[in-house]
Number of protein chains: 2
Amino acid sequence: MPGMEHGEPLDRVARIQAEWRRERPDLDIAPQGVIGRLHRLADRLGEELRLVYDRYGLGEGEFDVLCALRRAGEPYERAPGELAAHTMVTTGAMTKRIDRLERAGLVTRRRSADDQRGRIVALTGPGRELIDRAFTDHMRNERRLLDLLTPAEAESLETLLTAWLSRVERPRVPDGG
Amino acid sequence: MPGMEHGEPLDRVARIQAEWRRERPDLDIAPQGVIGRLHRLADRLGEELRLVYDRYGLGEGEFDVLCALRRAGEPYERAPGELAAHTMVTTGAMTKRIDRLERAGLVTRRRSADDQRGRIVALTGPGRELIDRAFTDHMRNERRLLDLLTPAEAESLETLLTAWLSRVERPRVPDGG
DNA sequence: TTATATTGTCTTCCATGGAAGCTAATATGC
DNA sequence: GCATATTAGCTTCCATGGAAGACAATATAA
């Protein structure tokens with residue numbers, strides 16, 4: 001079993017696997033070693049990342065919306081539907097995120113000139129300033145977490161994650177695909 | 001950049017990174033290549049796993065609780081506090097999960113004999129039967145997802161995730177630490 | 001023993017997001 | 001042009017979980 005050398009204490013996932021082996025010896029529970037740890041790690045990293053969002057009074061969702069607006073470039077505007085697509089939530093959820101950000105004075109909402117149905121969400125000055133500081137801090141935080149790996153480990157991991165992700169997102173890729 | 005060879009289309013994370021490089025050339029956004037993809041992959045895998053839970057009428061939380069009870073071994077009993085600790089939620093959330101499972105006839109709740117404050121949650125026959133079928137199916141599903149990687153890739157990934165997880169986990173000892 | 005602290009569970013209130021439907025504006029077909 | 005369909009955003013209702021406190025039972029200290 002990888003990563004279990006020199007009698008290191010079993011981690012949570014390994015302990016769960018041991019229990020399943022005892023209770024369900026008929027099953028192959030090896031996949032948990034990868035998938036369980038991936039989820040656990042994502043949770044732990046998420047906790048660490050949230051510490052920075054909190055520091056700026058932002059929830060994860062609000063942080064994501066501000067990032068999407070900032071990434072859009074001058075003049076930092078996007079339609080709610082675009083923001084929803086970029087941040088992978090429903091438009092209903094986006095409405096609420098924008099409500100909160102608007103209330104906090106970080107974005108404005110106005111009608112689109114071309115299409116009166118559409119809205120345009122724009123970063124305000126304070127919004128721009130806040131997300132620039134927060135994102136700088138966020139990247140420092142991600143760097144700190146990534147530096148728990150050696151550069152070689154990080155590169156290996158990125159390659160593996162990129163490959164798996166592309167295969168999960170496009171499951172039907174046969175040899176000629 | 002790992003995983004980007006022969007002109008493959010950029011994935012979502014790579015596109016986000018490209019935007020940040022344009023807007024914030026002062027920042028090192030490399031960590032997103034790993035952390036962003038790890039989260040995206042965890043989300044995508046989670047969606048796939050939820051398909052199985054749904055098939056058995058279970059939410060992710062309920063599935064986790066039934067698993068924790070099943071792993072306990074005969075007679076498949078645990079206190080709510082233990083279940084909360086095992087599944088990493090608050091006791092308040094656990095109360096509600098147990099409420100739902102009890103309503104569905106999958107677990108029972110009784111007072112502990114030793115300590116009248118404590119309760120004992122136990123799998124019912126139907127609960128045991130359901131989780132045995134659901135977990136078998138779940139493992140088949142995880143195997144299908146893991147098999148998008150070669151055995152060598154899977155082993156490499158498990159090693160890297162285990163190492164990173166162990167380094168990021170902070171000791172959870174409540175006092176004295 | 002009696003007063004106080006702690007523990008285990010539950011309750012209340014709130015935050016967030018999804019699903020589905022509503023409304024107004026725009027596009028399309030006749 | 002008018003009727004209908006589609007679209008964009010929003011609203012409503014519900015599901016889930018956290019935080020903090022209530023409550024009863026138990027442990028501890030004086």
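Numbered from 1 within each chain, the chains take letters A, B, ... in sequence-line order.
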Gap between atoms [atom1] and [atom2], on [X] and [N] respectively (whole Å):
| X | N | atom1 | atom2 | value |
| --- | --- | --- | --- | --- |
| A:Arg119 | D:dA8 | CZ | P | 13 Å |
| A:Ile120 | D:dC10 | CD1 | C1' | 17 Å |
| B:Leu83 | C:dG8 | CG | C1' | 13 Å |

Quiz item: Base, backbone or nothing for each nucleotide of nucleotides 16-26 of chain C, written B, S, -, heavy atoms under 4.0 angstrom, 5' to 3'?
Solution: SBB-----BBS
State whether [X] and [Y] are salt-bridged, where the test is any N-O pair (Lys NZ or Arg NE/NH1/NH2 against Asp/Glu carboxylate O) under 4.0 Å.
| X | Y | value |
| --- | --- | --- |
| B:Arg15 | B:Glu19 | no |
| A:Asp54 | A:Arg50 | no |
| B:Asp11 | B:Arg40 | no |
| B:Arg97 | B:Glu62 | no |
| A:Arg24 | B:Asp132 | yes |

Self-check item: Qualifying ring-ring contact (aromatic ring centres under 6.0 Å, His included) pairs with a residue from residues 124-151 of chain A, counting only residues at least two apart or across chains
Solution: A:Tyr53-A:His138, A:Phe63-A:His138, A:Phe135-A:His138, A:Phe135-B:Trp20
Quiz item: NA contact type, A:Ala79, heavy-atom cut-off 4.0 Å: base, sugar-phosphate, or nothing?
Solution: sugar-phosphate
Quiz item: Side-chain N or O of A:Arg109 less than 4.0 angstrom from OP1 or OP2 on D:dC10?
Solution: yes
